Structures are given as structure tokens and as C-alpha cells.
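One structure below.
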Amino acid sequence: MEVRDLHPWPATPAEAEAIQDALRPMLDLDAPGPTSPRTVAGLDVSYAGDGGGTGTRLAAAVVVLDGTTLEVLEESVAVGTAAFPYVPGLFAFRELPALIEALRALRTVPDLLVCDGYGVAHPRRFGLACHLGVLTGLPAIGVAKTGFVGAYEPPGGRRGDASPLVDGGEVVGRVLRTRDGVKPVFVSVGHRTDLDAACRAVLALTPAYRLPETTRRADRLSRDALTA
DNA sequence: GCGACAG
DNA sequence: ATCTTGTCGC
């Protein structure tokens, strides 16, 4: 699929923040999300050794599933190196180049991107899911495993129970229980979707496990690519 | 000032 | 993210 050319690459955290600020106005946060996406892509990255600095070997994977049957339709992997040191809030710059390469190799144009991390639930309201959404032009959401920004009350204990994630006085996401009695995930909007549609998609992708089937498939694929 | 801090 | 043993539970 087509992906917009990558912007000039930042050499410092300050430059990276400036890029996020420059791209944020391109976000579409008013559009209703896809009601029943035919194809859903999961993205994930695995690292070889020390996952802290720049240059670490990594593998980025994208797996496209049928939105209804969750059958695997297409896979894509790209190996490379970490393009930026890990800095909370600038996480996207670490794996963006490899993820973009994997996306470009895709034959399918997914109806929805499910990213590992956050969307607007971010210090500058521009997490990885927003960044990938703007570069691809596709609806995108973020699903994170642990907290980052925002306060919340523990959601009820049953699958589907949720509570708002609030930061700076605004709702930036939702803490969603995907399995009964299991630690919830953090869902936030990235681009061209609303929070309700994002959570519906996540529930549709979690018929058996805590994490979306898209994320689980991409995780396994990226890990295998690193080994081989 | 001190801690917390997506992956 | 990754490094890792044992342990509890279905």
C-alpha cells in the first residue's frame, strides 16, 4: 500500500517533539470509526538485545486479518535497527521506519490499523497510532498493555466493562476489560475513528485472549523474523 | 522537588 | 522491549 514519505528525521528529542507538534493538526478526530472493518491490520515490533538505545536490531511485523472471521489474510515483515533511543513520549520514532517499510510491502489496504501503544492518550496528544494514522491516512487505534498518561478508576471485572482514561481534564481513552477477571488494556483513538468504534473493534478482536488477535499475530511474526 | 514513564 | 525460575491453576 501507499504510505506518505517520511518527514525529515529528528536528531534530538526536541526535534522529535517539534515533528509531533507539526503533524498533530493533520489528525482527524471527528470522523466516526469503521463500523465493521473488512480487514484489520495489527502491528508490532520485536528487539534483539538491549532495547534502550539506537541501532538495536529489530523486526517490524504487520498482519492483516479478516475483521469478521479473524482469518489471516496477509503478512509482512521488515528487519532493521532502532531509529531513535527510547524516550517516553517519543516512542514512535524508534520503530516508525521499520513499520512503514512493512506497511509499504502490503498488498492489502487495511480498513483499520491496530497499534501497540497509544494514540491521543499521549503527553502531546500524538502517540504512535496517531503518527501511523497520519502517514497512512488510515483509521488507526492504539492498544497498550500498561498505563502511561491519564487517571482512571478500575473498570468492572467482566469482559466489556470499561472506565474513562482522563488526562488534563479530557477523556483521552478508555481502560477496557477484554477478558473476565483479567488485567484491562488501554484503548485510545489514533486517527479517523471514535472511541466507541475503537473499543468495539478491540472486543471483536479478543474472543479468547487479553490482547487483540492482530497484536498477538504480529508479535509472533516479528519474534520469529528476529530469530530467523 | 520527587516520582512516573507506551515499547 | 528483553533478560529468566519457579509456581499456581485449568
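When reading the values below, keep in mind they use all heavy atoms of this one structure, side chains included, and skip hydrogens, waters and symmetry mates. No experiment lies behind these values; they were computed from the predicted model shown. Below, read A as the first sequence line, B as the second, and so on, with proteins coming before strands; counting in each chain starts at 1.
- Between A:His7 and A:His131, the ring center distance clears the sub-6.0 Å criterion.
- Looking only at atom types and distance, the side chain of A:Ser46 has a donor-acceptor partner in the side chain of A:Ser222 under 3.5 Å away.
- An OP1 or OP2 oxygen of C:dT2 is reached within less than 4.0 angstrom by a side-chain nitrogen or oxygen of A:Ser46.
- Salt-bridge annotation for A:Glu101 and A:Arg104: absent, with no side-chain N of the basic residue lying under 4.0 Å from a carboxylate O of the acidic one.
- In this structure, A:Lys183 places its NZ atom 11 Å from P of B:dA6, rounding to the nearest Å.
- In this structure, OH of A:Tyr118 is placed 12 Å from C1' of B:dA4, rounded to the nearest angstrom.
- Counting non-hydrogen atoms of other residues, nucleotides and ligands closer than 6.0 Å to CZ of A:Arg38 gives a total of 12 or fewer.
- Listed in residue order, the members of residues 120-152 of chain A having a heavy atom less than 4.0 Å from DNA chain B are A:His122, A:Gly127, A:Leu128, A:Ala144, A:Lys145, A:Thr146, A:Gly147, A:Phe148.
- Look at CZ on A:Arg57: it is 12 Å from P on C:dT2, rounded to the nearest Å.
- Checked against the 6.0 Å centroid criterion, the rings of A:Phe91 and A:Tyr118 do not qualify as a close aromatic pair.
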For DNA chain C, the dot-bracket pattern of Watson-Crick and G-U pairs whose distances stay under 3.5 Å, | for other-strand partners: ..........
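- Atom-to-atom, CD of A:Gln20 to C1' of B:dA6 comes out at 12 Å; the value is rounded to the nearest Å.
- In this model, the phosphate group of B:dA6 is approached by a side-chain N or O of A:Tyr86 to a distance below 4.0 Å at OP1 or OP2.
- At a threshold of 4.0 angstrom between heavy atoms, the contacts of A:Ala82 with the nucleic acid are absent.
- Proximity of a side-chain donor or acceptor of A:Arg94 to a complementary backbone N or O of A:Phe84 within less than 3.5 Å is detected.
- The backbone N or O of A:Ala83 sits less than 3.5 Å from a side-chain atom of A:Trp9, completing a donor-acceptor pair.
- Between A:Glu75 and A:Arg220 no salt bridge is recorded (no basic side-chain N to carboxylate O distance below 4.0 Å).
- Listed for the A:Arg210 side chain is no donor-acceptor partner under 3.5 Å among the backbone atoms of A:Arg179.
- B:dG7 has no base stacking with the ring of A:Tyr47 when judged by centroids under 5.5 angstrom apart and an interplanar angle below 30°.
- When rounded to the nearest whole Å, the span between CG of A:Leu99 and P of B:dG7 equals 14 Å.
- As a whole-Å value, the separation of A:Phe91 CZ from C:dA1 P is 8 Å.
- At the heavy-atom level, A:Leu90 lies under 4.0 Å from base atoms of the strands shown.
- B:dA6 atom P lies 15 Å from atom CG of A:Asp44, rounded to whole Å.
- Look at CZ on A:Arg94: it is 11 Å from C1' on C:dT2, rounded to the nearest Å.
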